[in-house]
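Remember, it's 1-based here, ligands and their atoms both numbered in the order they're listed. All of these numbers come straight from a predicted model, not from anything done at the bench.
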Amino acid sequence: MVEFAPDAVLVVLETTPAGELASSSAGLLGAASTIGTPVALLVADESRHDALAAAAGKFGAASVLVGHAGEANELTVPAVDAVAAAFELVRPAAVLLSHSADGRDIAGGFAARRSLPLAVDAVGVGSDEEGVVAHHSVYGGAYNVTSASTFGPLVITVRQGVIEERAQEVAEPDVSRLSVTPSGTRAATIESFEAASGSSTRPELRGAAKIVAGGRGLGSAEKFALVEQLADVLGAAVGASRAAVDAGYVPYAYQVGQTGVQVSPQLYVALGISGAIQHRAGMQTAKTIVAVNKDADAPIFAIADFGVVGDVFTVVPQLIAALKAKKG
Ligand SMILES: Cc1cc2nc3c(=O)[nH]c(=O)nc-3n(C[C@H](O)[C@H](O)[C@H](O)COP(=O)(O)OP(=O)(O)OC[C@H]3O[C@@H](n4cnc5c(N)ncnc54)[C@H](O)[C@@H]3O)c2cc1C
């Protein structure tokens, strides 16, 4: 029987459809390592347990609890059952999940079931003399606030891509099998499943380390290709403003902002984007912001680390050429 440290932090890891650890895993375990001892929970097909536990160790999980995936057609409830079982066993100081669609769903379900406090969309975690706290960027990035619990361990969803800390590799994490008693709570079931075929080889927008985004300033869907060209040279994901989406340059899935995807990359390049508050709400926590806009008074320059006042169709081709030349 594995003993868990009193400062254990339970980290709920997700897997990709291909059965690998989700890209959010390194950041979640890194965040956990700054406040305690990371204990990973993995719910996956049994054949993947060893490989996934080793991968979690690489990202710093001191212990790994592995649960059986069970019926794949039941949504959320089996995962909440597994988190509840792990919580009983580990008695953690906090529970960390990704602020992904699944992570949010599981976090809400688990916090409600156990009447625990829930802190969502954290951009950092920390601790003070009273326990674990979560940091948030709110009102479009205008304020940074901290949330703390007055009762019980915090359940925290962490924005993807925002955590830079990485935990030290654990060569041989303690791996134990988690036995889960199904709660019998009614679950939504998936009746049919059709995989969407994405032809893009670019990184996914949510959680990407680098993003190049385009706005209305690109002028048309054809000309938006310039954004994609720069993204490809940088190995970045492609994003867009709502005006660019509304004008039909790219699909809604590309929209960054208050009513789109909220991102926290290391690098965010904004091309022909004015920097409206609703756009900034989705990208203001990016580490380095580069903006190209022909209007020197565009609000995006107020938050940009590097700004170029100029026409994107003059500046960006030169940037692409320079980057290509540098790559050799
Ligand atoms: C409830 C609500 C929710 C919203 N949610 C979102 C959201 O999630 N995401 C979002 O993005 N917006 C959102 N919006 C819309 C937001 O208010 C802005 O309208 C939108 O972000 C503007 O997009 P834009 O910067 O591309 O366009 P514009 O504001 O029109 O700016 C275009 C910019 O391109 C520059 N430009 C033009 N031509 C060139 C050129 N050749 N070279 C260089 N620069 C050039 C211009 O100087 C200008 O600054 C929301 C609005 C509301 C009311």
Side-chain angles (χ1 to χ4, degrees), residues 99-101 104 120-123 136-143 157 159-162 202-208 210-234 236-265 267-323:
H99 193 66
S100 61
R104 280 177 272 176
V120 298
D121 196 20
V123 295
H136 310 263
S137 169
V138 300
Y139 294 126
Y143 294 93
T157 65
R159 191 180 290 185
Q160 293 171 78
V162 76
R202 294 192 189 105
E204 203 202 328
L205 182 57
R206 205 185 283 275
K210 295 180 210 165
I211 295 170
V212 180
R216 199 190 327 245
L218 270 299
S220 70
E222 291 71 36
K223 292 186 189 161
F224 198 89
L226 186 66
V227 176
E228 296 167 343
Q229 285 161 19
L230 179 58
D232 289 343
V233 179
L234 288 169
V238 173
S241 71
R242 175 158 153 183
V245 170
D246 287 350
Y249 302 171
V250 283
Y252 169 68
Y254 288 57
Q255 185 175 315
V256 172
Q258 184 184 317
T259 45
V261 178
Q262 284 168 16
V263 296
S264 277
L267 173 68
Y268 189 90
V269 184
L271 305 177
I273 293 177
S274 61
I277 180 85
Q278 297 89 353
H279 186 77
R280 298 207 308 255
M283 45 66 73
Q284 191 146 327
T285 52
K287 185 104 173 52
T288 302
I289 298 169
V290 178
V292 182
N293 195 304
K294 65 181 183 186
D295 174 9
D297 295 324
I300 192 77
F301 288 128
I303 57 159
D305 299 282
F306 300 98
V308 181
V309 179
D311 190 315
V312 287
F313 299 105
T314 313
V315 175
V316 177
Q318 291 179 55
L319 179 57
I320 291 172
L323 286 166

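- Heavy-atom contacts of Gly215 reach the following atoms of ligand 1: 26 (O) (cutoff under 4.0 Å).
- Between Val312 and ligand 1, an N or O atom pair is found at a separation short of 3.5 Å.
- Side chain of Arg280 to backbone of Ala276: no donor-acceptor contact under 3.5 angstrom is found.
- Residues Gln262 and Thr285 fail the side-chain proximity criterion, which asks for heavy atoms closer than 4.5 Å.
- Under a 4.0 angstrom heavy-atom cut-off, Gly310 registers as being in contact with ligand 1.
- Looking at Lys294, Gln255, Gln262, Arg242, it is Lys294 that brings a heavy atom closest to atom 38 (N) of ligand 1.
- At a 3.5 angstrom cut-off on N or O pairs, Val292 does not count as close to ligand 1.
- Ranking protein heavy atoms by distance to atom 9 (N) of ligand 1, first place goes to Val256 O, 2.8 Å.
- Taking 4.5 Å as the limit, some side-chain heavy atom of Ile320 sits within range of a side-chain heavy atom of Leu226.
- Val238 is not listed as a side-chain neighbour of Ile211, based on a closest heavy-atom distance of 4.5 Å or more.
- To the nearest 0.5 Å, the span separating CD1 on Ile277 from CD on Gln258 amounts to 8.0 Å.
- Side-chain contact between Leu230 and Leu323 is present, with heavy atoms from C-beta onward closer than 4.5 Å.
- Proximity to Asp295 (heavy-atom distance under 4.0 Å) selects the following atoms of ligand 1: 47 (O).
- When the heavy atoms of Arg216, Gln278, His279 are ranked by distance to atom 16 (C) of ligand 1, first place goes to Gln278.
- At the shortest separation from atom 26 (O) of ligand 1 among protein heavy atoms lies Ser241 OG, 2.5 Å.
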>> Under the criterion side-chain contact (heavy atoms from CB on, under 4.5 Å), I'd like the reasoning laid out for Gln278 against Thr259: C-alpha separation, chi angles, the key distance, then a yes or no.
In response: CA-CA 8 Å; Gln278 297 89 353; Thr259 45; 5.9 Å; no
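- Nearest non-hydrogen protein atom to atom 49 (O) of ligand 1 is Asn293 ND2, 2.8 Å.
- By the 4.5 Å heavy-atom criterion applied to side chains, Lys223 and Tyr249 are not counted as neighbours.
- The closest donor-acceptor contact from the side chain of Tyr268 to the backbone of Lys287 lies at 3.5 Å or more, if one exists at all.
- Contacts with ligand 1 closer than 4.0 Å are made by no heavy atom of Leu271, backbone or side chain.
- Close contacts of ligand 1 with Gln258, meaning ligand atoms under 4.0 Å from a residue heavy atom, involve 7 (C), 8 (O).
- Of the protein's heavy atoms, Gly217 CA, 3.3 Å lies nearest to atom 37 (C) of ligand 1.
- Listed by atom number, the atoms of ligand 1 under 4.0 Å from Ala276 heavy atoms are 16 (C), 17 (O), 18 (C), 21 (O).
- For atom 28 (P) of ligand 1, the choice among Gly272, Ala243, Ser274 with the nearest heavy atom turns out to be Ser274.
- Taking a distance limit of 4.0 Å, we find that atom 19 (O) of ligand 1 is approached by no protein heavy atom.
- With contacts defined as side-chain heavy-atom distances shorter than 4.5 Å, the pair Phe313/Leu218 qualifies.
- The nearest heavy-atom contact from the protein to atom 5 (N) of ligand 1 is Thr259 OG1, 2.6 Å.
- Shortest contact from atom 41 (N) of ligand 1 to any protein heavy atom: Asp311 OD1, 3.2 Å.
- Annotation: side chain of Gln229 is not in contact with side chain of Asp232 (no heavy-atom distance under 4.5 Å).
- The minimum heavy-atom distance between Thr157 and Arg104, with the atom names listed, is CG2-CA, 4.3 Å.
- Proximity to Gly260 (heavy-atom distance under 4.0 Å) selects the following atoms of ligand 1: 8 (O).
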